[in-house]
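Predicted, not measured: the structure shown is a model, and the values here were computed from it.
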There are 2 protein chains.
Amino acid sequence: MTRTVLIYGGVLALLVALLKYVEYRFLVRDMSMEIYIGIIAVLFTVLGIWAGPRLIKRRVIVVNPAFVLNEEALVRLGISKREHEVLELMAQGHSNQEIAEKLFVSVNTIKTHLSNLFLKLEVSRRTQAIQKAKELRLIP
Amino acid sequence: MTRTVLIYGGVLALLVALLKYVEYRFLVRDMSMEIYIGIIAVLFTVLGIWAGPRLIKRRVIVVNPAFVLNEEALVRLGISKREHEVLELMAQGHSNQEIAEKLFVSVNTIKTHLSNLFLKLEVSRRTQAIQKAKELRLIP
DNA sequence: GCATCCTTCACCCGAAAGGATGATTTATCC
DNA sequence: GGATAAATCATCCTTTCGGGTGAAGGATGC
């Protein structure tokens with residue numbers, strides 16, 4: 001903050017000096033008063049635009065990052081579409097039986113899918129699978 | 001954006017008009033040139049500070065909100081310290097046996113804690129418990 | 001001192017989950 | 001047309017979970 005004010009002051013002083021120089025050398029004799037004032041106005045407006053954000057504390061907006069599926073990991077681990085589907089339902093807290101009913105297949109199929117998933121995720125329990133899948137951004 | 005530019009232009013025009021007014025009525029006769037220029041500089045610096053952030057696109061910084069334990073929910077649901085501890089370990093993917101070893105108690109104790117937790121969280125599976133506990137911000 | 005809550009542990013039983021293996025069907029690719 | 005991968009289902013067996021019940025020791029508060 002202190003540093004910022006110093007920089008700001010320095011730039012301001014520099015600008016004033018520049019103006020003085022310009023004033024006595026070239027402009028006053030050749031230009032009308034209006035143009036001279038206009039130049040000053042533009043210069044200091046630009047200065048304000050530049051210095052404003054540096055003087056005023058930046059507002060940090062905390063936002064929950066939207067979920068983006070990590071498709072690269074899906075491919076890398078060789079997780080199929082169906083397996084991913086089962087993974088999502090499992091992570092939502094459904095039992096194998098419930099998942100089977102939702103997907104219109106038998107429980108055995110779900111168990112097979114989950115077995116394969118556990119192998120691919122290198123885990124041995126569904127709670128671990130949820131952990132890992134969240135880390136890898138396979139599920140929200 | 002278009003609206004912002006219009007406002008900006010309007011304010012600028014207003015300021016110029018004000019300056020003209022001031023110039024011809026009071027100041028030029030009484031003040032030195034330096035002070036007059038100084039006032040212009042200050043005015044347009046302020047204008048720049050005000051208009052800058054409105055002209056330049058605001059940068060939104062996306063940050064993962066830090067985890068804040070919802071103690072109110074803990075009290076409301078009557079979840080004890082030990083139960084919360086077990087809940088955390090469970091959510092990390094540990095089996096009852098593993099949790100028991102980590103806390104130096106028997107598996108039966110862990111099972112009792114989890115049974116009570118399931119009652120308090122109104123769930124019937126550990127995966128559901130994880131879901132609900134995350135929703136309630138009882139665990140990260 | 002008594003009630004209450006927390007923590008601990010035990011036992012039983014049935015349901016759910018996990019591991020291994022094999023088989024069939026259906027796409028898809030070369 | 002054969003190879004390959006995905007999806008489906010099954011069976012067998014073991015481990016883990018979940019539900020119910022009971023009980024004992026310790027801390028807290030009135």
Note: contacts of residues 120-132 of chain A with DNA chain C (heavy atom, under 4.0 Å) are A:S124, A:R125, A:R126
Can you tell me if A:H84 uses its side chain to pair, donor with acceptor, with the backbone of A:I79 under 3.5 Å? no
Shared hydrophobic cluster, B:L69 / B:L87 (ILVMFWY, side-chain heavy atoms < 4.5 Å): yes
Same apolar cluster (I L V M F W Y, side chains within < 4.5 Å links), A:L89/A:V86: yes
Rounded to whole angstroms, how far apart are NE2 on A:H84 and P on D:dA7? 13 Å
Backbone N/O of B:R137 and side chain of B:N70: donor-acceptor pair under 3.5 Å: no
Please tabulate, one pair per line, all N/O donor-acceptor pairs under 3.5 Å involving side-chain atoms of residues 101-110 of chain A, not counting sequence neighbours.
unit_1, atom_1, unit_2, atom_2, d
A:E101, OE2, A:Q97, NE2, 3.2
A:S106, OG, A:N108, N, 3.2
A:S106, OG, A:T109, N, 3.3
A:S106, OG, A:T109, OG1, 3.4

Once salt bridge (charged side-chain N to carboxylate O under 4.0 Å, His left out) is applied, do any residues pair with B:K132, and if so which ones, sequence neighbours excluded? none
Whole-Å gap separating C1' (D:dT8) and CZ (A:R82): 9 Å
Could you identify which residues of residues 90-117 of chain A place a heavy atom less than 4.0 Å from some atom of DNA chain C, listed by residue number, or say none? A:S95, A:N96, A:K111
How many whole angstroms separate atom CD of A:E85 from atom C1' of D:dA6? 13 Å
Please identify each residue that fulfils salt bridge (charged side-chain N to carboxylate O under 4.0 Å, His left out) with A:E98, with sequence neighbours left out. B:R125
Can you name the atoms? Protein N/O to nucleotides 26-30 of chain D N/O, anything below 3.5 Å, with the distance.
none

Between A:R126 and A:N96, is any side-chain donor less than 3.5 angstrom from a side-chain acceptor? yes
Would A:M90 and A:F67 show up in the same hydrophobic cluster when neighbours are defined by side-chain heavy atoms closer than 4.5 Å? yes
Can B:I130 be reached from A:I139 by stepping across I, L, V, M, F, W or Y side chains whose heavy atoms are under 4.5 Å apart? no
